[in-house]
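Only one structure is covered here, and it is reproduced in the block below.
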Amino acid sequence: MKALQYREIGAAPVVVDVPTPEPGPGEVLLEVTAAGVCHSDIAVMSWSAEELPFELPLTLGHEGAGTVAALGDGVHGLEIGDSVAVYGPWGCGRCIKCSAGEENYCLRAGELQIQPPGLGAPGAIAEYLIVDDARHLVPLGDLDPVRTVSLTDAGLTPYHAIKRSLPKLPPGSTAVVIGTGGLGHVGIQMLRALTSARVIALDVNEEKLDFARQVGAHEAVLSDEKAAHRVTELTGGIGAQAVFDFVGVEPTVATAGACASVDSDVVIIGIGGGNLPVGFGGGTLPAGLGQLAYEVSVRSPYWGSRDELIEVFELAREQAIDVHVETYSLDDAPRAYERLHDGKINGRAVILPNG
Ligand code: NAD
Ligand code: ZN
Ligand code: ZN
């Protein structure tokens with residue numbers, strides 16, 4: 001079968017022929033209908049050999065959907081041909097976190113060397129994908145896999161981040177979304193669907209800001225050194241009650257901290273490596289942006305839980321959220337990564353390996 005692989009540190013991914021896998025006991029083989037392209041892959045491909053936590057070659061793609069093609073021994077409850085999406089942050093299934101559905105925070109994944117598809121295990125940008133356990137599949141039913149596949153990450157990750165901050169976002173509050181790409185454009189829609197907060201979006205050019213307005217942002221502000229000041233102005237000098245940073249570089253976390261109101265949440269989702277200093281009287285922000293306000297909570301969440309993924313699909317079913325999709329064939333998948341790298345994708349690039 002064909003697969004898109006990252007094979008050499010620093011090199012672009014390439015389409016190669018690899019053996020079609022067969023499901024072992026307890027595993028499920030999917031014929032992949034759609035696979036999303038996430039910016040985290042760009043980060044992974046920029047890491048040195050020492051930083052990379054898994055072996056190469058790696059088949060990319062941690063957002064996957066497919067139809068059930070074969071069942072390993074002992075798998076029940078699925079039929080050949082079922083349309084399913086893959087819950088990506090695989091865990092052990094037994095620890096206290098996994099038992100609550102929070103496999104993204106499995107306490108034993110490191111020790112047991114369990115890695116997500118596309119981030120250690122072979123990923124979804126291939127004609128076929130092995131899923132390690134049927135519990136990692138969510139039936140899609142009538143949902144279109146192409147429009148839905150990215151909800152497994154670009155939907156689930158913002159949903160988890162926003163859900164935990166809902167108590168901070170009553171009527172009259174303001175939420176800020178920094179970075180309105182794959183995750184951010186879904187995050188804006190979720191904030192509109194789940195809260196009556198005013199949503200202020202930040203991104204780097206007018207095209208992205210227009211896109212943010214199209215998907216529901218009330219205000220869209222250029223993300224520069226004046227952005228925090230602009231947010232403060234737009235909120236009558238108070239600041240935002242929750243700031244979701246889908247970029248996470250030094251300047252954006254500084255902006256996030258500077259526009260966060262007292263007793264607010266700053267949620268750093270982007271893996272750009274920026275740090276926000278937290279501490280009583282010690283939360284001095286860079287770039288002359290002052291101090292973090294009293295009782296700001298700072299979180300850095302990872303992906304989301306299995307029950308949250310089901311909730312995200314319900315939001316899609318209610319048409320409260322919709323992923324803006326650009327589709328590519330498997331042969332053309334390297335170009336999707338180039339365009340994502342160059343900031344040229346509005347929404348999400350989705351690969352159709354059998355399309
Ligand atoms: P993307 O490339 O689709 O979107 C990023 C957006 O940020 C783009 O619109 C870009 O123009 C904008 N941007 C870049 N620099 C900016 C700046 N200085 N200020 C404001 N906007 C800026 O990326 P994505 O796939 O949505 O991923 C977003 C981030 O989230 C990445 O860092 C990714 O690795 C990370 N991520 C984290 C998790 C998690 O579990 N924490 C999960 C998935 C992705
Ligand atoms: Zn991702
Ligand atoms: Zn576990």
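In each ligand, atom 1 is the first atom listed, and ligand 1 is the first ligand listed. When a residue number appears, it is its place in the shown sequence, counting from 1.
Using a cutoff of 4.0 Å between basic side-chain nitrogens and carboxylate oxygens, Arg317 and Glu314 are scored as salt-bridged.
Using a non-hydrogen distance threshold of 4.0 Å, His185 does not register as a contact of ligand 1. At least one heavy atom of Cys38 sits closer than 4.0 Å to an atom of ligand 1. Contact analysis puts Pro301 in contact with ligand 1, with a non-hydrogen atom separation below 4.0 angstrom.
Considering backbone and side-chain atoms alike, Gly182 places an N or O below 3.5 Å from some N or O of ligand 1. At under 3.5 Å, not a single nitrogen or oxygen of Tyr302, backbone or side chain, sits near a nitrogen or oxygen of ligand 1. Residue Asp153 has no nitrogen or oxygen atom sitting less than 3.5 Å from a nitrogen or oxygen atom of ligand 1, judged on distance alone. Between Val249 and ligand 1, no pair of N/O atoms sits closer than 3.5 Å. At a 3.5 angstrom cut-off on N or O pairs, Arg348 counts as close to ligand 1. For ligand 1, the polar-atom distance check against Ile269 finds a nitrogen or oxygen pair separated by under 3.5 Å.
Using a 4.0 Å cut-off between heavy atoms, Ile178 contacts ligand 1 through its side chain alone, with no backbone atom that close. Residue Lys208 touches ligand 1 through its side chain alone, judged by heavy-atom distances below 4.0 Å.
Numbered from 1 in the order shown, with element, the atoms of ligand 1 that lie under 4.0 Å from a heavy atom of Gly179 read 6 (C), 7 (O), 12 (C), 21 (N). Heavy-atom proximity to Ser40, at under 4.0 Å, picks out these atoms of ligand 1: 33 (C), 34 (O), 35 (C), 36 (N), 43 (C), 44 (C). Here is the list of ligand 1 atoms found below 4.0 Å of a heavy atom in Thr252: 17 (C), 18 (N), 19 (N).
Other residues, nucleotides and ligands place no more than 12 heavy atoms under 6.0 Å from the CZ atom of Arg147.
Listing protein N, O or S atoms at distances below 2.8 Å from the Zn ion (ligand 2), with waters left out, gives Cys38 SG, His62 NE2, Asp153 OD2.
For the Zn ion (ligand 3), the tally of protein N/O/S atoms lying closer than 2.8 Å stands at 4.
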